[in-house]
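One structure is given below, encoded as structure tokens.
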Amino acid sequence: YSFFPGEPRWPRNRRDLTYAFDPRNSLTEEVKSVFSRAFARWAEVTPLTFTRVERFSTSDISIGFYSGEHGDGEPFDGPMRTLAHAFSPPTGHFHLDGEENWVVSGEGGDGFISVAEAVDLESVAVHEIGHLLGLGHSLVEGSIMYPTIRTGRRKVDLTTDDVEGVQYLYGGNPNFNGSRSPPPSTQQRDTGDS
Amino acid sequence: SFYPNSSAIPPELLRNATGNPWNTFLNFTGCHAGKKYDGLYKLKQYFKHFGYIPETDLSGNFTDDFDDILKNAVEMYQRNFQLNVTGVLDELTLKHVVIPRCGNPDVVNGTSTMHSGRRTFEVSLAGRGQHFHTVKH
């Protein structure tokens with residue numbers, strides 16, 4: 001695991017975080033529920049809580065789907081390249097590329113989905129929430145915070161590396177007694193073929 | 001573009017998604033420092049976007065020269081993704097480069113953030129093509 005320079009994190013008086021969706025996206029409840037599941041994965045292992053609110057302009061975390069240039073100097077580039085980006089704490093901006101073919105059903109369990117040109121939304125959401133909490137990219141292949149995701153792949157379960165990283169920043173969830181599996185070891189490098 | 005499952009995606013959208021411009025980087029397989037290759041500046045832009053080339057090193061001047069700036073970027077990328085550190089655009093490196101990814105940079109101000117939590121020290125065994133890794137907790 002790694003952190004942003006200076007190890008920024010949400011301050012102690014802001015551990016019950018709110019999130020909201022850009023109303024211009026008019027997202028369905030099904031899409032919003034994907035993010036709820038993604039936040040729950042991080043809440044399970046930290047003392048943080050995440051509550052959905054309607055006030056986009058004042059929420060701690062603001063989520064939006066955009067195409068091309070969208071005001072932060074980091075334009076999106078179309079399908080199957082840069083999928084999303086998120087800012088370090090306590091900024092809370094979470095942007096996703098609106099031109100991707102997002103799959104929202106959780107198809108494929110924790111494995112492959114049937115079409116390589118589709119992107120599993122929950123996989124990307126779990127990764128970007130890691131950034132929102134202060135984690136950088138990990139060099140541990142198979143971890144959630146690894147920078148790339150193979151096409152047609154669904155990867156949503158936090159690994160030991162991800163949990164250790166976020167718990168370094170915030171401590172553990174006193175109500176969590178589960179364990180995390182280490183990331184899958186792979187002898188062959190990810191080649192992008194699926 | 002939200003779909004309940006991948007089979008619901010219209011075929012024409014799938015065709016659009018298949019034409020990933022990053023795939024053109026695969027044409028640089030085998031390219032190495034000291035030469036000039038048409039269109040290489042686009043790969044420099046890629047590495048700059050993800051932090052492997054600091055702003056100060058290029059000052060917006062992207063050429064097609066495979067210079068030391070690009071070689072350093074390739075080597076840092078190969079270290080981050082635990083590939084063989086050769087500085088050459090080999091097939092495995094470029095197949096990694098074209099994988100869809102998060103837009104956040106891997107390198108900030110010339111320092112790889114991917115090594116900031118667990119401190120990894122790498123000792124290169126010169127001329128042997130081998131690397132020894134040790135992790136300090």
Would you mind reporting whether [Y] and [X] have side-chain heavy atoms less than 4.5 Å apart?
X	Y	value
Pro147(A)	Phe50(B)	no
Phe2(B)	Thr28(A)	no
Leu139(A)	Gln82(B)	yes
Trp22(B)	Thr82(A)	yes

Original post:
Does the pair Glu128(A) and Cys102(B) meet the rule for a side-chain contact (heavy atoms from CB on, under 4.5 Å), with working shown?
Top reply: CA-CA 8 Å; Glu128(A) 298 303 330; Cys102(B) 171; 3.1 Å; yes

Original post:
Can you name the one residue among Met80(A), Arg81(A), His137(A) that meets side chain to side chain contact (heavy atoms under 4.5 Å, CB included) with Arg101(B)?
Top reply: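 Among the candidates, only His137(A) passes.
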
Same apolar cluster (I L V M F W Y, side chains within < 4.5 Å links), [X]/[Y]:
X	Y	result
Tyr19(A)	Tyr170(A)	yes
Tyr77(B)	Val88(B)	no
Leu17(A)	Val53(A)	no
Phe76(A)	Ile63(A)	no
Phe35(A)	Val45(A)	yes

Sort [X] into side chain, backbone, both or neither according to what part of it lies under 4.5 angstrom from a heavy atom of chain B.
X	result
Leu135(A)	neither
Asp97(A)	neither
Pro5(A)	side chain

**OP:** Show your reasoning for whether side-chain contact (heavy atoms from CB on, under 4.5 Å) applies to Asn101(A) and Tyr3(B).
**Re:** CA-CA 7 Å; Asn101(A) 297 314; Tyr3(B) 302 96; 3.9 Å; yes

For the candidates [options], which exhibits the highest count of non-hydrogen atom pairs separated by less than 4.5 Å from chain B?
options	value
Val124(A), Asp77(A), Leu121(A), Val31(A)	Val31(A)
Phe65(A), Tyr168(A), Phe87(A)	Phe65(A)
Glu74(A), His131(A), His127(A)	His131(A)

Original post:
Between CG of Asp106(B) and OH of Tyr146(A), what distance do you get to the nearest 0.5 Å?
Top reply: 9.5 Å

**OP:** Return yes when atom NZ of Lys32(A) has more than 12 non-hydrogen atoms of other residues, nucleotides or ligands closer than 6.0 Å, and no otherwise.
**Re:** yes

Original post:
Passes side chain to side chain donor-acceptor pair (under 3.5 Å), His85(A) versus Asn104(B)? Steps please.
Top reply: CA-CA 5 Å; His85(A) 55 234; Asn104(B) 283 33; 5.3 Å; no

